[in-house]
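One structure is given here, and the rest of the page talks about it.
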Amino acid sequence: MPDVDVAIVGARCAGASLAMLLSRAGLNVVLIDRGKLPSDKPDSTHLVHPPAIRRLREWGLLAHLEESTRAPRIRQYGLRDIGFDLMADLPPDEDIGFALAPRRWSLDGILLQAALDAGTELIDETSVVDLVTTESNRVAGVRLKARGLPETMIRARLVVGADGTRSTVAHLVGARKYWEKPVRLRSVWTYWPDLGIRNVPTWRDQANYVFAWPTNEGETLLGTAWKAAEFPSRERQQDAYFEVLARLAPEIRNRIEGVAPQARWMSGSVPNFFRESQGPGWALVGDAGYSRDPATASGITDAIRAADLLAESIMAWLGGAEPEGSALRSYQAGRDRISRPFYEYTCDFASLTPYADDVNEFLRIAVEHPVHSRNLTGLFAQTTDPMEFFSLENVLDVLRGAPSVRHWRLRALASVAGRDGAGYRRRLGGKLLNSRLGELGQYLAMTPSP
Ligand SMILES: Cc1cc2nc3c(=O)[nH]c(=O)nc-3n(C[C@H](O)[C@H](O)[C@H](O)COP(=O)(O)OP(=O)(O)OC[C@H]3O[C@@H](n4cnc5c(N)ncnc54)[C@H](O)[C@@H]3O)c2cc1C
């Protein structure tokens with residue numbers, strides 16, 4: 001007999017969200033983490049996009065998060081790149097048109113407390129060191145080790161690894177990685193007294209990326225990123241941070257002249273991969289199953305959305321509506337379908353590779369349009385599907401609204417707007433524009449529009 005329905009390894013945004021949802025649905029859940037919780041997770045810049053904010057509201061946690069952090073609502077994202085300067089409202093997810101950047105002790109702490117309130121049992125300061133398996137190789141529980149105590153065991157109908165990119169559960173089940181790409185950017189950031197930033201300005205050129213947003217009590221998080229191969233040595237990092245700011249965002253550099261940071265300096269990077277995320281008796285959620293460069297600050301949003309999807313699949317299985325295998329497979333397929341276009345967009349964005357002239361002109365035209373500029377910010381905020389934004393129909397719509405189109409490729413593309421034959425137009429559109437959009441374009445060009 002299992003001791004619990006679900007044992008979840010990792011009690012941060014992915015694990016705590018899942019535990020809360022399953023406990024609220026009446027399942028018996030244990031949450032295990034090797035850290036002492038609640039606590040900060042310093043290697044994160046913790047911007048949370050509207051799709052996750054909407055779920056926090058649905059779960060009844062948003063008001064408390066906002067009251068306890070006094071993190072300002074962020075309604076606009078921007079990017080100053082070679083050739084254009086974007087700052088526009090976020091397209092909403094349902095009626096949620098804002099982001100927040102709460103410190104992790106606040107966000108993870110509130111999710112964890114909600115799980116505990118719903119009946120989840122927490123075992124912290126304890127590591128999962130092995131899995132219990134049956135003769136048929138089904139995962140049937142976890143083996144735990146806390147410092148100074150003998151190893152113990154918990155039997156579970158399902159074991160979920162919500163234990164981050166270096167997931168122990170993934171390692172123990174041998175979960176395969178796919179769509180893997182090398183690390184793109186490495187960042188350095190710290191916190192400053194409120195610099196008056198209430199949106200998300202970002203700056204990018206071929207060498208660096210700069211980002212800023214407000215967090216708890218309006219403090220400003222301000223960071224710079226380098227291509228992984230060009231990341232400065234530890235001794236050089238602070239000087240290099242100020243040099244990059246002076247070059248890409250001099251107005252922000254001036255605002256921190258003579259000001260002391262509010263916290264220590266931090267640095268980090270993230271690998272790019274998807275992992276096989278289910279099998280007999282086990283599943284992965286959050287970074288354990290899908291990890292992407294932090295350039296688009298999406299990990300928490302992805303983790304919360306995936307926890308929601310996985311909770312639905314687990315309930316379908318344990319509630320008897322669907323067999324285990326098909327319920328868990330549809331979780332992984334649903335996650336991948338939603339995440340893959342954003343993944344390609346993120347990896348492409350983080351490569352800092354300049355776009356071709358026609359793509360730059362296309363983006364400049366979109367930036368100047370009131371609706372298309374918002375949709376561009378939604379690519380970052382996960383409220384505009386890249387498949388839709390770069391669909392031929394939308395590309396033509398962007399061009400149609402332009403007062404003038406200078407680049408011959410774009411003029412040629414616009415000239416086929418009236419012709420019949422979706423296949424013909426898609427091929428031409430893919431050739432002229434999508435295939436020149438870096439990795440995202442390659443993905444779009446080989447994938448049918450939705
Ligand atoms: C530099 C950087 C900047 C980032 N910026 C952003 C951002 O702005 N916005 C955003 O959305 N995301 C950002 N991210 C990504 C974000 O931090 C992650 O996507 C998010 O933390 C994933 O949450 P998770 O719950 O899946 O895993 P994690 O937060 O990694 O939590 C995993 C938990 O599992 C526990 N654990 C691990 N192994 C074991 C074990 N064997 N036994 C018991 N417990 C275990 C750990 O103690 C930990 O508490 C950033 C990441 C980095 C590195």
Side-chain angles (χ1 to χ4, degrees), residues 7-19 30-53 74 99-105 107-109 111-112 122-131 142-146 154 159-172 183-189 200 202 209 211-213 215 221 223-225 231 266-272 275 277 284-307 310 339 342 346 350 380-382:
I8 302 173
V9 188
R12 291 200 172 270
C13 51
S17 301
L18 180 66
V30 65
L31 199 47
I32 304 143
D33 202 293
R34 63 183 171 205
K36 169 113 190 87
L37 297 173
S39 65
D40 200 15
K41 180 177 167 64
D43 58 342
S44 174
T45 54
H46 49 80
L47 179 61
V48 184
H49 302 309
I53 302 293
I74 301 167
L100 293 170
R103 297 293 288 262
R104 289 297 291 267
W105 68 74
L107 177 67
D108 295 356
L111 285 165
L112 178 59
L122 173 68
I123 304 176
D124 65 351
E125 296 183 270
T126 302
S127 292
V128 165
V129 290
D130 206 351
L131 299 173
V142 287
R143 295 186 192 281
L144 313 174
K145 182 80 182 79
I154 296 177
V159 171
V160 178
D163 47 349
T165 50
R166 297 198 190 130
S167 169
T168 304
V169 176
H171 173 71
L172 291 170
V183 168
R184 293 284 147 97
L185 296 177
R186 292 191 191 279
S187 315
V188 171
W189 72 96
V200 169
T202 66
Y209 176 54
F211 49 92
W213 43 80
T215 175
L221 181 152
T224 55
F231 193 56
M266 276 156 284
S267 65
S269 64
V270 180
N272 297 299
R275 257 199 200 113
S277 289
L284 303 176
V285 70
D287 274 11
Y290 162 42
S291 169
R292 86 306 305 133
D293 193 278
T296 52
S298 308
I300 299 166
T301 303
D302 288 327
I304 286 180
R305 183 170 48 214
L310 180 56
S339 306
F342 290 110
T346 296
F380 196 104
Q382 302 224 354

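This chain uses plain numbering: 1 for the first residue, then up along the sequence. Numbering of ligands and ligand atoms starts at 1, following listing order. Here the structure is a predicted model, which is why all the values come from computation and not from measurement.
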What atoms of ligand 1 come closer than 4.0 angstrom to any heavy atom of [X]?
| X | answer |
| --- | --- |
| S298 | 10 (C), 11 (O) |
| D43 | 2 (C), 51 (C), 52 (C), 53 (C) |
| G286 | 26 (O) |
| V128 | 40 (C), 41 (N), 42 (N), 43 (C) |
| R12 | 25 (O), 29 (O), 31 (O), 49 (O) |

Under 4.0 Å from ligand 1, counting heavy atoms only, is it the side chain of [X], its backbone, both or neither?
| X | value |
| --- | --- |
| F211 | neither |
| V9 | side chain |
| S291 | neither |
| A162 | backbone |
| A297 | both |
| Y290 | neither |

Can you check which of [options] brings a heavy atom nearest to [atom]?
| atom | options | answer |
| --- | --- | --- |
| atom 46 (C) of ligand 1 | T45, D33, L107 | D33 |
| atom 25 (O) of ligand 1 | A14, A11, G10 | A14 |
| atom 9 (N) of ligand 1 | I32, V270, L47 | L47 |
| atom 13 (C) of ligand 1 | S187, S44, A16 | S44 |
| atom 38 (N) of ligand 1 | K41, Q382, R34 | R34 |
| atom 16 (C) of ligand 1 | E125, H46, H49, R104 | R104 |

Residues R186 and S269: side-chain donor-acceptor under 3.5 angstrom: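 Indeed, the side chains of R186 and S269 share at least one donor-acceptor pair under 3.5 Å.
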
No-hydrogen, no-angle side-chain donor-acceptor test under 3.5 Å, S39 and R12: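 There is such a pair between these side chains.
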
Backbone N/O of L185 and side chain of D293: donor-acceptor pair under 3.5 Å: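 Judged by distance alone, yes, a pair lies under 3.5 Å.
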
Salt-bridge criterion met for D302 and R292 (N-O under 4.0 Å):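 A salt bridge is present here (some side-chain N lies under 4.0 Å from a carboxylate O).
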
Atom 23 (O) of ligand 1 [closest protein heavy-atom partner, distance rounded to 0.1 Å]: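 Residue, atom and distance for the closest contact: C13 SG, 3.2 Å.
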
Ligand 1 contacted by T126 (non-hydrogen, < 4.0 Å):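 Yes.
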
